[in-house]
Amino acid sequence: MLKILKTRFKQGCRTILFPKAKAPDLPQRYRGRPIIAGQNGSIDLGKIFFNPDSDIVYSNDYSMATSKREDLVLSQEREMALARALNERMLKIFGRSLKLRQVSAGGCNACELDLNVLNTPVFDLSRFGIQFVASPRHADGIVVTGPVSRNMREALLKTYEAIPEPKLVIALGGCAISGGIFSDSPQASHGLDTIIPVDLFIPGCPPHPLTTLDGLLRLLGRISS
Ligand code: SF4
């Protein structure tokens with residue numbers, strides 16, 4: 001026990017100060033928000049694979065979550081519109097306490113794993129009043145991962161209906177946003193917003209924990225720049 005306490009004391013506080021301070025530098029190999037470098041076409045961040053003809057380079061910017069599906073489509077002419085804060089009434093309800101139920105609707109588990117990372121001491125999601133709960137009846141919203149396979153559709157809809165109004169819906173990862181690599185399959189949906197209304201789209205495969213945290217804090221009006 002003494003050894004554990006000594007180690008913890010030596011390690012100090014591991015929680016990042018984001019968003020009060022800048023987020024830690026991400027490794028060089030991290031591929032953040034793509035930038036269209038040439039004149040060629042557009043890219044849809046809501047998909048997992050981009051058009052191979054698009055001339056793109058990757059920045060290390062992790063901010064990519066949007067309020068509207070169409071805002072994930074980037075082109076030379078179109079600047080990215082990041083997620084906006086909820087309206088005043090919704091902020092009053094959810095701004096300081098947001099309970100979420102996670103629904104894994106046929107994904108590969110990588111989205112869920114990186115979502116779990118937000119509960120580690122490094123990110124400490126609960127300091128923002130955001131927590132995951134077991135029952136949809138205790139939740140203010142759902143975070144959906146995966147392409148919503150046919151056999152998960154009913155379970156998803158039942159979970160959604162069990163959450164009291166007003167409620168929030170978050171699509172996390174390319175599969176939930178567009179169906180991902182399964183978008184041509186009759187066994188998967190073509191995006192969560194074709195089934196239920198979505199308030200926040202968090203792209204990535206899987207989204208980096210900072211992308212998710214940044215999106216959630218934008219939705220709650222804690223980041224505006
Ligand atoms: S978006 Fe990528 S990481 Fe997430 S469930 Fe789909 S394939 Fe897996």
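This one's a predicted model, so the numbers in the text were calculated from it and none came from an experiment. Just so you know, ligand 1 is whichever comes first in the structure, and atom 1 is the first atom listed for that ligand. Hydrogens, waters and symmetry mates are skipped; everything else that's a heavy atom, side chains included, is used.
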For Gly107, counting its heavy atoms only, list the atoms of ligand 1 lying under 4.0 Å from any of them. 5 (S)
So, does Asp199 use its side chain to make a donor-acceptor pair with the main chain of Val169 at under 3.5 Å? yes
Any N/O/S atom, backbone or side chain, of Cys108 lying under 2.8 Å from atom 6 (Fe) of ligand 1? no
Would you mind listing which atoms of ligand 1 come within a distance below 4.0 Å of any non-hydrogen atom of Gly174? 1 (S)
Note: ligand 1 atoms sitting under 4.0 Å from heavy atoms of Gly204 are 1 (S)
When Ile202, Leu26, Asp114 are each screened for side-chain contact (heavy atoms from CB on, under 4.5 Å) with His208, the one that passes is Leu26
Under 3.5 Å, side chain of Ser67 to main-chain N/O of Arg84, donor-acceptor pair present? yes
Could you grab the distance from atom CZ of Arg33 to atom CE of Met64, nearest 0.5 Å is fine? 7.5 Å
Considering only non-hydrogen protein atoms, determine which one is nearest to atom 6 (Fe) of ligand 1 and report residue, atom name and distance to 0.1 Å. Cys175 SG, 2.3 Å
Ala110 heavy atoms, cut-off 4.0 Å: which ligand 1 atoms fall inside? 3 (S)
Salt bridge check: are Asp44 and Arg69 linked by an N-O gap of less than 4.0 Å? yes
Check whether Tyr58 and Leu210 end up in the same hydrophobic cluster, where Ile, Leu, Val, Met, Phe, Trp and Tyr are linked by side-chain heavy atoms less than 4.5 Å apart. yes
Atom indices of ligand 1 within 4.0 angstrom of Pro206 heavy atoms, with elements: 3 (S)
Do Lys167's NZ or CZ and the ring of Tyr160 fall within the cation-pi criteria of under 6.0 Å and 45°? yes
Specify the protein heavy atom at minimum distance from atom 4 (Fe) of ligand 1: its residue, its atom name, and the distance to 0.1 Å. Cys111 SG, 2.3 Å
For atom 2 (Fe) of ligand 1, closest protein heavy-atom neighbour: Cys205 SG, 2.4 Å
